[in-house]
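As the structure is a prediction and not an experimental result, all values here were calculated from the model.
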Amino acid sequence: MRNDDVNLGATVGLFAAWALHDAEEIAFGPRWTRTRLPGLRDRFPSVPERVWRAMESVDQREFTAAVGVMGAVVAGAAVAGARTGGRSGFYQGALTGFGLHGLVHMAQAAVVRGYTPGSVTSPLVVVPFTLWARGRLRRAGVLKPTRARDAAAGLALAAGATILSHTVARRITGARPEGRKPGRTLRT
């Protein structure tokens with residue numbers, strides 16, 4: 001297998017698969033949250049109220065901006081993968097995180113016993129693409145062995161990128177995180 005095949009399919013394909021998946025999240029995410037939050041609060045009373053308030057505070061503008069920031073992160077990972085023939089640790093970590101985050105979406109849908117944003121494209125695009133891309137990398141001899149700590153690092157990369165994306169989106173849109181009052185600063 002030529003490295004060009006790995007680059008174009010598995011590396012650039014990461015960005016394409018992500019874009020398709022996140023289009024579903026943009027289309028349904030904030031609206032789904034607004035309509036389903038009261039029922040979820042009742043159904044899962046052990047979830048801390050600050051989690052519900054944080055979910056509630058994300059409007060369509062912030063969410064869309066956060067997806068744009070995440071797009072830059074995923075594009076960076078895809079470029080790193082393409083430049084290194086799929087060998088980049090950043091790219092492979094992003095690919096692992098992408099696939100595992102698809103499983104998280106599927107688990108969320110199972111827990112709520114219904115649709116959640118991202119749960120349609122996860123089994124149709126995210127997980128199959130990740131398995132296919134990892135197979136391409138494996139056949140090309142560039143896939144690093146994945147251990148449990150690598151999977152945890154991939155999920156941590158996805159979670160960290162999500163937090164970063166929403167932090168930047170709040171700055172871009174002028175939104176304030178839940179609990180902040182105008183004129184107050186957060187203490188570190």
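Side-chain contact of His105 with Ser122: a donor-acceptor pair under 3.5 Å is absent, judged by distance alone. Side chains of Glu62 and Thr173: a donor-acceptor N/O pair is absent below 3.5 angstrom, by distance only.
Residue pairs meeting the salt bridge (Lys or Arg N to Asp or Glu O under 4.0 Å) criterion with at least one member in residues 37-46, sequence neighbours excluded, are Arg41-Glu49, Arg41-Glu56.
Closest approach of Ala169 to Ala65, counting heavy atoms only: CB-CB, 3.7 Å. Taking every heavy atom of both residues into account, Ala94 and Leu14 meet most closely at CB-CD2, 4.3 Å. In plain terms, the two heavy atoms of Val58 and Pro30 that are nearest each other are O-CB, 4.4 Å.
In this structure Phe15 satisfies the ring pair (Phe, Tyr, Trp, His ring centres under 6.0 Å) test together with Trp18, sequence neighbours excluded. Applying the side chain to side chain donor-acceptor pair (under 3.5 Å) criterion to Arg147, with sequence neighbours excluded, gives Asp150. Listed by chain and residue number, nothing satisfies the side chain to side chain donor-acceptor pair (under 3.5 Å) test with Arg31 (two or more places apart in sequence, or in another chain). When the side chain to side chain donor-acceptor pair (under 3.5 Å) test is applied to Ser88, no partner is found at least two apart in sequence or on another chain.
Hydrophobic clustering, with ILVMFWY side chains joined whenever heavy atoms are under 4.5 angstrom apart, groups Leu95 together with Trp132. Two different hydrophobic clusters hold Val168 and Ile163 under the rule that ILVMFWY side chains link at heavy-atom gaps under 4.5 Å.
A donor-acceptor contact shorter than 3.5 Å links the side chain of Glu24 to the backbone of Gly118. With Gln92 contributing its side chain and Gly86 its backbone, the two residues share a donor-acceptor pair below 3.5 Å. Of the possible donor and acceptor atoms, one in the side chain of Gln60 sits under 3.5 Å from a partner among the backbone N and O of Ile26.
Counting heavy atoms from C-beta on, the side chains of Val79 and Phe90 never come closer than 4.5 Å. Inter-residue side-chain proximity for Pro123 and Met106 is flagged as met; some heavy-atom pair is nearer than 4.5 Å.
Through direct or relayed side-chain contacts under 4.5 Å between Ile, Leu, Val, Met, Phe, Trp and Tyr, Tyr115 connects to Leu20, Phe28, Trp32, Leu37, Leu40, Phe44, Val47, Val51, Trp52, Met55, Val111, Val112, Val120, Leu124, Val125.
Rounded to the nearest 0.5 angstrom, Thr64 OG1 and Asp22 CG are separated by 10.5 Å. Rounding to the nearest 0.5 Å places NZ of Lys144 at 10.0 Å from OG1 of Thr96. The CG atom of Leu8 sits 9.5 Å away from the CZ atom of Arg136 when rounded to the nearest 0.5 Å. The line from OG of Ser165 to CZ of Arg170 is 11.0 Å long, rounded to the nearest 0.5 Å. Remark: Arg87 CZ to Leu143 CG distance equals 11.5 Å, nearest 0.5 Å. The distance from atom OG1 of Thr116 to atom CZ of Arg36, rounded to the nearest 0.5 Å, is 9.0 Å.
Ring geometry for His166 against Phe63 counts as tilted: the plane angle lies between 30° and 60°, on a 0 to 90° scale.
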